[in-house]
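Throughout, numbering of the chain's residues begins at 1 and tracks the sequence.
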Amino acid sequence: PLPTCYTDHQQAMSMMSSESTLWYLKNFSFFECLSESEFEEFARLAQLQVLPRKGFVFYSDDDGEYVYFLKRGHVKLSRLLPDGKEAILDVVSPGEFFGQIESRQRGTETSEDVVEALDEALICVFRRTDFEKILDENPKLNREVLKQVGDRFLRFQERMIDIAFRDARSRVASFVLRYATEIGYLTHQEIAYLTSLSRQTVTVHLNEFRDAGLISFDRQGISVLDADGLKHVSS
């Protein structure tokens with residue numbers, strides 16, 4: 001069975017036809033390195049599913065069996081801490097993958113992670129064992145995966161550098177420049193988690209940027225109005 005996904009404690013992910021799966025995978029640049037026969041075998045192993053906004057998936061290091069490729073939408077990756085708090089790990093955009101293939105990079109400690117859709121998400125789901133077999137047989141695809149893992153590490157590293165060396169004002173400006181144009185659905189609290197600031201501090205600086213005409217924001221998200229001005233603040 002596929003992983004169970006929920007929204008408001010009800011099953012939320014709907015499955016699409018095999019024909020739709022094949023079409024969407026053909027339009028997924030990540031798999032362009034596969035030959036036609038390799039692609040058809042790969043597509044046969046996939047399930048294409050829709051996760052509605054605020055729908056979520058639970059998985060843990062010890063029993064995770066799936067790899068997810070995001071075709072449309074954005075999802076938030078979080079880890080549930082022992083004290084019940086949420087630690088946001090990353091925000092995934094279309095064309096990226098997430099899931100238990102990354103368990104190779106982790107330790108042995110069991111943890112529970114949550115994937116939440118920030119807007120309606122279209123996801124291709126593979127069993128991890130099937131996907132790893134394809135990687136072993138296709139060096140080009142393996143290199144694509146390694147490149148994306150490297151890109152994610154660099155993104156994480158940039159966030160850590162921001163946290164270590166920028167003050168709160170420039171940290172919020174840098175975050176907005178990097179994420180908000182594409183991902184406008186994050187709450188002030190989520191931005192606070194990702195920048196290691198308090199929600200109140202994030203709100204103060206976002207209001208400051210809005211009053212200065214650098215950004216606008218509402219419940220739909222944040223829009224950058226003056227990128228050069230925001231870059232000046234973030235420098």
Side-chain angles (χ1 to χ4, degrees), residues 1-32 42-60 64-80 86-102 112-128 131 144-145 148 151-152 155 175-194 206 215-224:
L2 288 168
T4 304
C5 307
Y6 298 95
T7 179
D8 296 328
H9 306 291
Q10 296 178 355
Q11 188 168 341
M13 187 176 272
S14 59
M15 192 177 301
M16 303 183 74
S17 69
S18 58
E19 291 81 7
S20 295
T21 302
L22 187 65
W23 188 88
Y24 277 109
L25 282 176
K26 275 187 177 292
N27 288 272
F28 210 128
S29 61
F30 198 92
F31 305 123
E32 288 177 353
F42 196 59
R44 187 182 64 80
L45 300 172
Q47 296 277 8
L48 192 68
Q49 301 186 331
V50 176
L51 185 64
R53 183 176 183 274
K54 296 300 181 183
F56 54 90
V57 184
F58 287 100
Y59 66 87
S60 58
E65 292 293 337
Y66 304 96
V67 179
Y68 307 83
F69 285 82
L70 186 61
K71 176 63 181 179
R72 184 180 69 224
H74 301 83
V75 299
K76 177 182 69 175
L77 308 184
S78 303
R79 179 156 296 175
L80 299 182
E86 175 191 36
I88 299 179
L89 305 176
D90 202 3
V91 175
V92 179
S93 299
E96 298 182 327
F97 72 87
F98 57 96
Q100 291 308 313
I101 191 169
E102 296 170 317
E112 186 168 46
D113 291 350
V114 181
V115 179
E116 181 181 347
L118 297 174
D119 49 0
E120 184 179 86
L122 184 62
I123 302 173
C124 301
V125 185
F126 296 88
R127 288 191 178 278
R128 181 168 58 88
F131 185 69
E144 287 291 327
V145 169
Q148 193 168 117
D151 289 345
R152 182 166 296 169
R155 188 164 65 199
F175 178 88
V176 170
L177 279 170
R178 187 174 300 143
Y179 289 96
T181 301
E182 182 179 3
I183 307 166
Y185 331 99
L186 295 175
T187 66
H188 290 195
Q189 183 61 67
E190 289 166 338
I191 295 173
Y193 284 140
L194 285 162
L206 289 178
I215 66 172
S216 65
F217 63 84
D218 53 27
R219 292 184 178 181
Q220 302 302 314
I222 301 173
S223 299
V224 176

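Here the CZ atom belonging to R53 is positioned 8.0 Å from the CG atom belonging to L118, to the nearest 0.5 angstrom. A distance of 5.0 Å separates CD1 in I191 from CZ in F175, rounded to the nearest 0.5 Å. Atoms OH and NZ, on Y193 and K76 in that order, are 8.5 Å from each other to the nearest 0.5 Å. Within the model, atoms OG of S216 and CD1 of I222 stand 9.0 Å from one another, a figure rounded to the nearest 0.5 Å.
Among all heavy-atom pairs drawn from G95 and Q148, the shortest one is O-NE2, 3.2 Å. In terms of heavy atoms, L51 sits closest to F56 at CD1-N, 4.0 Å. In this structure, P52 and A117 approach most closely via the heavy-atom pair O-CB, 3.4 Å. Closest approach of H74 to D119, counting heavy atoms only: N-OD1, 2.8 Å.
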- Message: Show, in sequence, the C-alpha distance, side-chain angles and deciding distance for V50 and E120, and conclude whether the side chain to side chain contact (heavy atoms under 4.5 Å, CB included) test is met.
- Response: CA-CA 7 Å; V50 176; E120 184 179 86; 3.7 Å; yes
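Considering only heavy atoms from C-beta on, V92 stays 4.5 Å or farther from V115 through its side chain. Under the 4.5 Å side-chain criterion, counting only non-hydrogen atoms from C-beta, L206 is in contact with V176. Contact of the I88 side chain with the L186 side chain is not registered, since no non-hydrogen atoms from C-beta on lie closer than 4.5 Å.
Remark: R155 pairs with D90, E96, R152, Y179 by the side chain to side chain contact (heavy atoms under 4.5 Å, CB included) rule, at least two apart or across chains.
Each of F69, Y66, Y68 was compared with F97 under the ring-ring contact (aromatic ring centres under 6.0 Å, His included) criterion, and only F69 meets it.
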